[in-house]
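Reviewing the structure listed below.
Numbers here are sequence positions counted from 1.
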Amino acid sequence: ERAFEQHLLALQIDPHDTQTRADVWRLAEAIDGWSHVARVLELKARETSRPGARVELLRLLAEVHRERLGDPGQALDTLKRAFSADPADPRLRESLRELAQAPGLARTVAGLFEEEAGWVEARVDRLALLREAAALHAEHGEACEAARVLGRVLEIDPDAEDDLDTLLA
């Protein structure tokens with residue numbers, strides 16, 4: 001446990017050091033110290049003034065909540081914070097898609113994609129988010145919701161009929 005505490009201190013100093021992180025992950029696994037890791041990541045995410053660094057820390061924190069602490073709800077709350085800061089980050093989108101596989105979260109994640117689509121400026125990002133939302137709805141048996149979201153896609157891009165064909169296939 002002493003080694004874990006020392007590595008946690010090192011993680012507090014530099015949470016982006018990959019070797020320190022690997023050591024902390026290995027030790028946390030051995031002694032079930034994931035709640036301590038989560039606290040350190042949360043504190044560092046709040047402290048940092050660099051948006052990119054904050055997003056990465058929140059993504060890691062969400063991973064700890066989901067995979068190590070078994071708390072997909074907390075993982076979703078954490079990813080929401082990161083996603084609102086950078087909805088174009090492909091790693092965040094992937095993390096959210098993975099989290100949507102947890103029971104009862106697909107609709108929430110699809111709603112998050114759809115909500116963020118209303119805020120992003122770039123047309124291509126807006127369309128990508130709406131398509132993500134529609135795909136999640138379709139994958140989870142919500143054809144009416146998928147069609148509604150694809151209607152929004154068609155409002156933005158009338159030539160996107162292929163999306164509708166894909167959904168109906």
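- Applying the salt bridge (charged side-chain N to carboxylate O under 4.0 Å, His left out) test to every pair with at least one member in residues 27-38, sequence neighbours left out, gives these pairs: Glu29-Arg68.
- Residues Glu115 and Leu129 are not in side-chain contact: their nearest non-hydrogen atoms beyond the backbone lie 4.5 Å or more apart.
- Distance check: Asp23 CG to Phe4 CZ gives 11.5 Å after rounding to the nearest 0.5 Å.
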Review point. Side chain to side chain contact (heavy atoms under 4.5 Å, CB included) between Leu43 and Gln12: does it pass, once the steps are laid out?
Key: CA-CA 8 Å; Leu43 288 171; Gln12 288 176 5; 5.5 Å; no

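- With a 4.5 Å cut-off on side-chain heavy atoms, Leu154 and Leu150 do not count as touching.
- In this structure, Trp119 and Asp125 have side chains that are not in contact, with every pair of non-hydrogen atoms separated by 4.5 Å or more.
- A salt bridge is absent between Glu47 and Arg54: the closest approach of a Lys/Arg side-chain nitrogen to an acidic carboxylate oxygen does not fall below 4.0 angstrom.
- Leu92 and Leu76 fall within a single hydrophobic cluster, where Ile, Leu, Val, Met, Phe, Trp and Tyr side chains are chained together by heavy-atom contacts under 4.5 Å.
- For the pair Glu56 and Lys44, the salt-bridge criterion is not met [side-chain N within less than 4.0 Å of a carboxylate O].
- Tracing side-chain contacts under 4.5 Å through hydrophobic residues (I, L, V, M, F, W, Y), one reaches Leu27 starting from Ile31; they form part of the same cluster.
- Two different hydrophobic clusters hold Leu69 and Leu96 under the rule that ILVMFWY side chains link at heavy-atom gaps under 4.5 Å.
- A pairwise comparison of heavy atoms in Ala138 and Ala146 identifies N-CB, 3.8 Å as the closest pair.
- In this structure, Val120 is a member of the same hydrophobic cluster as Phe83, with clusters built from ILVMFWY side-chain heavy atoms closer than 4.5 Å.
- In this view, Arg93 satisfies the side chain to side chain donor-acceptor pair (under 3.5 Å) rule with no residue, not counting sequence neighbours.
- Note that CG of Asp71 and CG of Asp77 are 8.5 Å apart. Values are rounded to the nearest 0.5 Å.
- Residue pairs that meet the ring pair (Phe, Tyr, Trp, His ring centres under 6.0 Å) test with at least one member in residues 24-71, sequence neighbours left out, are Trp25-Trp34.
- Taken to the nearest 0.5 Å, the CG atom of Leu58 stands 11.0 Å off from the CG atom of Asp89.
- Pro87 and Ala85 make their closest contact through CD-C, 3.9 Å (heavy atoms, listed as atom of the first residue, atom of the second, distance).
- Distance check: Leu99 CG to Glu94 CD gives 11.5 Å after rounding to the nearest 0.5 Å.
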Which atom pairs, one a donor and one an acceptor, fall under 3.5 Å between side chains of residues 101-114 and the rest of the protein, sequence neighbours left out?
unit_1	atom_1	unit_2	atom_2	d
Gln101	NE2	Arg97	O	3.3
Arg107	NE	Glu142	OE2	3.3
Arg107	NH2	Glu142	OE2	3.3
Glu114	OE1	Arg148	NH2	2.9
Glu114	OE2	Arg148	NH1	2.7
Glu114	OE2	Arg148	NH2	3.4
Glu114	OE2	Arg152	NH1	3.0

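- Rounding to the nearest 0.5 Å places OG of Ser84 at 10.5 Å from CG of Leu79.
- With sequence neighbours excluded, the residues forming a side-chain contact (heavy atoms from CB on, under 4.5 Å) with Ala53 are His16, Thr48, Arg50, listed by chain and number.
- Under the salt bridge (charged side-chain N to carboxylate O under 4.0 Å, His left out) criterion, Arg2 pairs with no residue, sequence neighbours left out.
- Looking only at side-chain heavy atoms (C-beta outward), Pro15 and Val40 stay at 4.5 Å or farther from each other.
- Rounding to the nearest 0.5 Å gives a distance of 12.5 Å between OG1 of Thr78 and CZ of Arg59.
- Taken together through direct or relayed side-chain contacts under 4.5 Å among Ile, Leu, Val, Met, Phe, Trp and Tyr, Val55 and Leu57 form parts of separate hydrophobic clusters.
- Taking each heavy atom of Ala38 and Val64 in turn, the nearest pair found is CB-CG1, 4.2 Å.
- Residues Arg131 and Asp157 share a closest heavy-atom pair of NH2-OD2, 3.9 Å.
- Side-chain contact between Arg126 and Ile156 is present, with heavy atoms from C-beta onward closer than 4.5 Å.
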